[in-house]
Participant: 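My questions will all concern the structure given below.
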Amino acid sequence: MPTLSSNSKLAIYSSAFGLLVVLSLALSYFSLNNSSLLNDTLALLPQGNLGILTLFICLSLGTSIGLPRQVAAFSAGFMLDIATGTLLATVAAITGCIISLMVARWLLAAQVQKKYPQPLAKVADFFSHDTFTKILIIRILPAGSNLLTNILAGVAKVPLLPYLLGSALGFIPQMIIFSMMGNGIKLADQQQLLISVALFLIAAALSGYLYKKSPKAHQLTLRNK
């Protein structure tokens, strides 16, 4: 499978991050100057336990079909507080993982095995050892498709428990950052927003360092070429 060069990936990630920062700052400015409209919008959403349950179901289904975990965390932080938003978004993302992984395992595995036996064998072999550590590294990286990872893991029939535990722990840093960002925009707290952006930059830098230093991450890249 062809892959982008490191420079191309860096350009894509940088552009995506720049767009995210611009969008966040624009939304922050919008909320500061349109607080009544913001309150009216929040008033239309379900409140209390029903609202939390509705948000959880929407984020679980959304992440199961490709909604980025950062968007889920941002939405949960915006609707709730930072701690509750982080927890809800993480659990919803894990639920989404289970849904997409099981659908891939039950409905797609036989067809993929028939059409692409060798690539599937490589993926299965990669995840068969140190599943927890490998998926933890993959989830910590801010970029990448959760849906694609879940589908590959599902059709390869990876061990479920270490896969889900590694995913849960790997999700947490991004969930905290984007939940803080969403909450900062709701509260029109520019300081909190800037802190969340700074944390994202730090996390991205640490993720890049972890990727370079981790042979398991490079092994995944090489196997997908």
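Each residue takes its place number in the sequence, starting with 1.
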Participant: Quick check: is Ile65 connected to Leu59 through a chain of hydrophobic side chains (ILVMFWY, heavy atoms under 4.5 Å apart)?
Facilitator: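 Cluster IDs for Leu59 and Ile65 differ.
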Participant: Could you give the distance from CG (Leu108) to CH2 (Trp106), rounded to the nearest 0.5 Å?
Facilitator: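 So the gap between those two atoms works out to 12.5 Å.
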Participant: Tyr163 and Ala153: which non-hydrogen atoms are nearest, and at how many Å?
Facilitator: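 Closest approach of Tyr163 to Ala153: CE1-CB, 3.4 Å.
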Participant: How many angstroms lie between OG1 in Thr90 and CD1 in Ile94, if you round to the nearest 0.5 Å?
Facilitator: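 Reported value, rounded in 0.5 Å steps: 7.5 Å.
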Participant: Backbone N or O of Arg105 within a donor-acceptor pair of the Lys157 side chain at under 3.5 Å?
Facilitator: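 Looks like no, no N/O pair under 3.5 Å.
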Participant: Looking at CG of Leu87 and CG of Asp81, how far apart are the two atoms once the value is rounded to the nearest 0.5 Å?
Facilitator: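 Separation between the atoms: 10.0 Å.
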Participant: Report yes or no: does Arg139 contribute a side-chain atom to a donor-acceptor pair with the main-chain N or O of Ile172 at less than 3.5 Å?
Facilitator: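 Checked: no pair found.
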Participant: Kindly determine whether Leu55 and Leu80 satisfy side chain to side chain contact (heavy atoms under 4.5 Å, CB included), including the steps that lead there.
Facilitator: CA-CA 10 Å; Leu55 182 62; Leu80 307 167; 4.2 Å; yes
Participant: For a quick test of reading the model, state the closest non-hydrogen atom pair linking Ala104 to Asn150 and the distance between them.
Facilitator: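 Of all heavy-atom pairs spanning Ala104 and Asn150, the closest is CB-O, 4.4 Å.
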Participant: Which distance, rounded to the nearest 0.5 Å, do you find between the CD1 of Ile138 and the OG1 of Thr133?
Facilitator: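 So the CD1 of Ile138 and the OG1 of Thr133 are separated by 11.0 Å.
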Participant: Quick one: CZ on Phe171 to CG on Leu136, what's the gap to the nearest 0.5 Å?
Facilitator: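 With rounding to 0.5 Å, CZ (Phe171) is 11.0 Å from CG (Leu136).
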Participant: Kindly compute the distance separating OG1 (Thr63) from CD1 (Ile98), expressed to the nearest 0.5 Å.
Facilitator: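 Rounded to the nearest 0.5 Å, the OG1-CD1 separation comes to 10.0 Å.
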Participant: Any donor and acceptor pair, going by atom type alone, linking the side chain of Asn146 with main-chain N or O of Pro68 inside 3.5 Å?
Facilitator: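 Not at all, since once roles are kept as given, no pair shorter than 3.5 Å links the two residues.
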Participant: Are Arg69 and Ser167 close enough, and set up right, to give a side chain to side chain contact (heavy atoms under 4.5 Å, CB included), and what steps lead you there?
Facilitator: CA-CA 11 Å; Arg69 61 188 183 275; Ser167 294; over 6 Å; no
Participant: For the side chain of Ser179 and the backbone of Ile82, is there at least one donor-acceptor N/O pair under 3.5 Å apart?
Facilitator: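 Checking the backbone N and O of Ile82 against the side chain of Ser179, a donor-acceptor pair under 3.5 Å is found.
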